[in-house]
Amino acid sequence: SSMPMDEIYHAARVESDAQSYWDQHQSFAATEDPTREKYYCLSMFPYPSGKLHMGHVRNYTIGDVLSRFMRMQGKNVLQPMGWDAFGLPAENAAMANGVPPAKWTYDNIAYMKKQLQSLGFAIDWTRELATCRPDYYQWNQWLFLRMLEQGIAYKKAGTVNWDPVDQTVLANEQVIDGRGWRTGAIIEKREIPMYYFAITQYAEELLGDLAKLPDWPERVRTMQANWIGKSVGVRFAFRVNGVARSALGSPPSTSGRGNEGEDDEALLWVFTTRADTIMGVTFCAVAAEHPLATYAAKNNPQLAAFIDECKRGSVMEADIATMEEKGMSTGISVTHPLTGEKIPVWVGNYVLMGYGEGAVMAVPAHDDRDYWVAVKNHLPIKKVIRSDTEIYLESQLRDLESTPQDPELIDKRPLIESLRQDLETVRKKPCETERGVCINSGKYDGLNYTAAVDAIAADLNAKGLGEKKTMWRLRDWGISRQRYWGCPIPIIHCAHCGDVPVPDKDLPVVLPEDCVPDGSGNPLNKRADFVNCKCPKCGANAQRETDTMDTFVDSSWYYARFASGRGASAMVDRETDYWMPVDQYIGGIEHAILHLLYSRFWSKVMRDLKLVSYDEPFKRLLTQGMVLNEIFFRKPSSGRVQYFNPVDVELKLDDKGQRAGALLKSDGQAVESGGIGTMSKSKNNGIDPQQLIELYGADTARLFVMFAAPPEQTLEWSDTGVEGAARFLKRLWKLVHTHVGLGSAARVEVAVLNEAQRAMRRMLHETLAKVTDDYARRRTFNTAIASVMELINALYKFDDLSAQSRAVKQEALDDVVIMLAPIVPHISHELWKALGHDNAVIDARWPSVDDSALTRASIELVVQVNGKLRGRIEVALDAKSADIEAQALADANVQRFTAGKQIKKVIVVPGKLVNVVVT
RNA sequence: GCCGGGAUGGCGGAACUGGUAGACGCGCUGGACUCAAAAUCCAGUAGUGGUGACACUGUGGGAGUUCGAUUCUCCCUCCCGGCACCA
């Protein structure tokens, strides 16, 4: 029943046929079906930058392979696609070309959609969305209003980069060396009102729920945990001697309860994770911006100058890291809350105003930074902790010294000596940051870390001067952007009523799509038709907010929208609960922190608003590796380095295949190699996927990308590797063509197969078992492809034309096509038909392994002598250990190595090897 | 500084639970086909020695556990990623 088949593989014809079949049959439109197990496979949606790059091809191929595999396993698969369409590049393109960002974006979407379709991805295009469409972003606005009602969204002043020439706010990446990227003007910091999402309210849950994500890479979970940055400690206050509370204006934090009001002395609040060292405090340090520092500097020009220097200090993280600890006395003292001692207050350049209380207690004996400030300024150092290492070494030494030397055992004196030296080193350490047990601490002596912190916190609490407290590194999420191409924040400013939320009935606040930004300010401010409106409360003339939302807002919930019914009239509908959570999420590691954290936060907000029922949006995460390529350049004696694309470079090899040089094709002159790096515009080492598809076809591109490396690792581009992938597909085509050319094959009759046929069939089912495991559990598509290649190499050699051999070959080719179908779907579609099947290969079920085909009568065992391979023996599957042993010892080569030696023992590992141990 | 991941032929990579190191692909070498080239097919391909059967060495370096270590433990070197005066 098979139809005639081309002798030669024409990728373009095969691919357009398969794609139009899927199109006509709406093969990938996914529908809710409670009777079937669902599988929601999502790849991070692209920013429509213009055209696909290799990273996209890799990302979406991984997702497509998993989707197609799961479909053949019988799951109800959803694989959607959309566009993260708001953002700064559209505004930049608009300035460069004078085109509105909307037009540029929609044109890019149209082109890139074509590209995605030409790669044959099994996408449900009926669910396509673009975040710049009002029917999507209206729900950003709607949820923003709900968050405002819940106190999860709020307004406060925030700092922005201000370009004084263009009169505009710049994103961090538009500030180069402290200057505006377009004007070169020195950038100022400005405080302006902005909206925030209180993600810190969810900090505890976002941290704790990482434990619910065992199928996320550990790396990503650690990065998120570090980013959230929980520290548990004690917040407490020192009384400031002789300074009235009113003198400090508004102290940074006086929210502490208790009897602090009984006098008018100001309080200096600090936070510490090492309350156990509180008896070792010899000074306090405050940030340059701290009110106490400002107060002290009033009549102290030297201090004022120092504070200025600290404030001017670089904010580059790398500089901060290498910066020297510096301090200067304020001349003010505080009272230690537990000992009543007078403690001097210093300004420290290492104290951050933005974290904790902007002030720290300083314990030079147990904190490195405090130590260096103390040493430089001759401040006292008081040791109050005996470290766990010191205690451990002491006990070891005591045990060794107290037991007599056993003459049978090795001499223990050298060990004692080395322990003594270690102990000496530990005791001499001027600054010990390790935890341990309190000493020189009065009533707290002998307490370990936990007990000491509890006791000290309780005593501080009794005096009304402190409590246990948890501090977070995570900050609330500022979402206001002073940019045009984003989702408008639905707020109206009224002179009488203040900031008024846009009523639900007036949503969406539609962004005009015909603006062309010119680089000076937000063009929305110049659009009277957008800005001018009526106050929803009092009806007076009012102005619309022109700030738009951070584009991370758009991408924080698109997965839930995909899962909703098409054109849902709410933010999400009940269909979401069928598909969500995403079973497999795939994307770049660069989103490990922000996007994934915001999405997790947003899901929890939606859950608390009873919109969805899941806690975590992404069950399983795969972070694909980068795509790399070699970098070629020339460095003229004067002028800039010139980079050349690898396609324009020819490699010279010596006769061992080793690199002898590289020449530019156009002029035949040498170029230098700059090693391997990520494909980038600046290094001119990118490969255009479009050219690849046109030259070899989508299947070759997909095969290469999946074969060259496992998905999580980096992938090195290789032209010859691509040719190898194309060669393999030609070989596959030829194998099937030759087979079907001989007419249809009989059914396999297991009972009559000869040894060679059984062996062929065994290999087939072993391969099937391995490939299934590689897809389903290991996600190592490269090894799955490698074992199918081995099978095909064996099938080429299995050229006996008897009826049963042809039957075995038919079974093998059927399964080969199925095993490759997720990776190279087009050629598989065609070959499946050619092999005589009436259905399409996408509707074929994944075959199960025939365990009876795996059995064998005898197996080969490896024989080792003292762990070295010396021979091989063939033994019956059920051979007894004693017989195996005898056979192994009888092997001629084994005897060469055992002759004249005494056999100590023989280890038989069933099914694997025999190891003969001789002396 | 702290946290995480790595290092295997000429190259990309494989070896999954401690059990034959180098699967598969690329490249290279030789051969077949061809007037020739390309394509294709066949054979070889970790290094050293040997015509060969084989032997020795070998998974960044050093030690250890084990009958047996790319795999486990300790120390060291280098590379990549994240966080970074976070109290």
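Proteins get letters first, then strands, A, B, ... in listed order; numbering begins at 1 in each.
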With a non-hydrogen cut-off below 4.0 angstrom, is A:Arg475 in contact with a base, only sugar-phosphate, or nothing?
nothing
Identify whether any heavy atom of A:Val862 sits under 4.0 Å from a base atom; if not, whether one sits that close to sugar-phosphate; answer base, sugar-phosphate or nothing.
base
Describe the nucleic acid contact of A:Gln713 in one word from base, sugar-phosphate, nothing, applying a heavy-atom distance below 4.0 Å.
sugar-phosphate
Is the shortest distance from a Lys or Arg side-chain nitrogen in A:Glu860 or A:Arg872 to a carboxylate oxygen in the other one below 4.0 Å?
yes
Taking the six-membered ring of A:Tyr355 (Phe, Tyr or Trp), confirm whether the NZ or CZ of A:Arg473 is under 6.0 Å from its centre and within 45° of its axis.
no
Of the candidate nucleotides B:rC16, B:rC86, B:rU40, which contains the atom at the shortest distance from the side chain of A:Tyr355?
B:rC86
Check whether the side chain of A:Arg872 and the base of B:rU20 form a donor-acceptor pair under 3.5 Å.
yes
For A:Ala725 and A:Tyr796, find the nucleotide of RNA chain B closest to each by heavy atoms; which residue's nucleotide sits nearer the 5' end?
A:Ala725
Among B:rC67, B:rG82, B:rG27, find the nucleotide with the atom closest to the side chain of A:Thr720.
B:rG27
Apply the syn/anti split at 90° from 0 to B:rG9 and say which one it is.
syn
Let's see if you can work this out: which of B:rG19, B:rC3, B:rA23 has an atom nearest to the side-chain heavy atoms of A:Thr222?
B:rC3
Taking B:rG62 as the reference, what is the distance to B:rU71 when you measure between their P atoms (whole Å, please)?
13 Å
Taking the side chain of A:Arg778 as its heavy atoms from C-beta onward, which of B:rG82, B:rU20, B:rA15 lies nearest to it?
B:rA15
Could you check A:Gly724 against A:Arg473 and say which one's nearest nucleotide on RNA chain B is further toward the 5' end?
A:Gly724
Among B:rC24, B:rA87, B:rG19, find the nucleotide with the atom closest to the side chain of A:Met789.
B:rC24
Cation-pi check, A:Arg870 onto A:Phe897 ring (under 6.0 Å, within 45° of axis)
yes
When you measure from the side chain of A:Lys905, which nucleotide among B:rG82, B:rG19, B:rC67 comes out closest?
B:rC67
Which nucleotide in the list B:rG19, B:rA87, B:rG13 gets nearest to the side chain of A:Thr273?
B:rA87
Need one value for A:Asn782: base, sugar-phosphate or nothing, where a base atom within 4.0 Å counts as base even if backbone is also close, heavy atoms only.
sugar-phosphate
Counting primed atoms plus P, OP1 and OP2 as sugar-phosphate and everything else as base, spell out the protein contacts along nucleotides 50-58 of chain B at 4.0 Å heavy-atom distance: B, S or - for each nucleotide, 5' to 3'.
----SSSS-
Taking NZ, NE, NH1 and NH2 as the nitrogens, is one of them in A:Lys326 or A:Glu309 under 4.0 Å from a carboxylate oxygen of the other?
yes
Pair A:Glu218 + A:Arg221: basic N to acidic O under 4.0 Å:
no
Which word best sums up how the rings of A:Trp477 and A:Tyr598 line up, parallel for under 30°, tilted for 30 to 60°, or perpendicular for over 60°?
parallel
Would you name the heavy atoms of A:Tyr696 and A:Glu723 that are closest together and state the gap between them?
OH-CG, 3.3 Å
Do the side chain of A:Glu467 and the main chain of A:Ala457 share a donor and acceptor less than 3.5 angstrom apart?
no
Report the nucleotide, chosen from B:rA87, B:rA23, B:rG12, that has the shortest atom-to-atom distance to any side-chain atom of A:Phe271.
B:rA87
Please work out whether the ring planes of A:Phe236 and A:Phe238 are parallel, tilted or perpendicular, with thresholds of 30° and 60°.
tilted
Proximity to the side chain of A:Arg369 - top-ranked nucleotide from B:rC67, B:rC85, B:rG13
B:rC85
P gap between B:rC2 and B:rC76, integer Å:
12 Å
Between A:Leu597 and A:Ile228, what is the shortest heavy-atom contact and its length?
CD1-CD1, 4.1 Å
For RNA chain B, which residues of residues 224-234 of chain A approach it to below 4.0 angstrom with any heavy atom?
A:Ser231
Cationic tip of A:Arg369 above A:Tyr350 ring, under 6.0 Å, 45° of axis:
no
I'd like the C1' distance from B:rA23 over to B:rG13, given in whole Å.
10 Å
The side chain of A:Glu218 lies closest to which of these nucleotides: B:rG5, B:rC85, B:rC16?
B:rG5
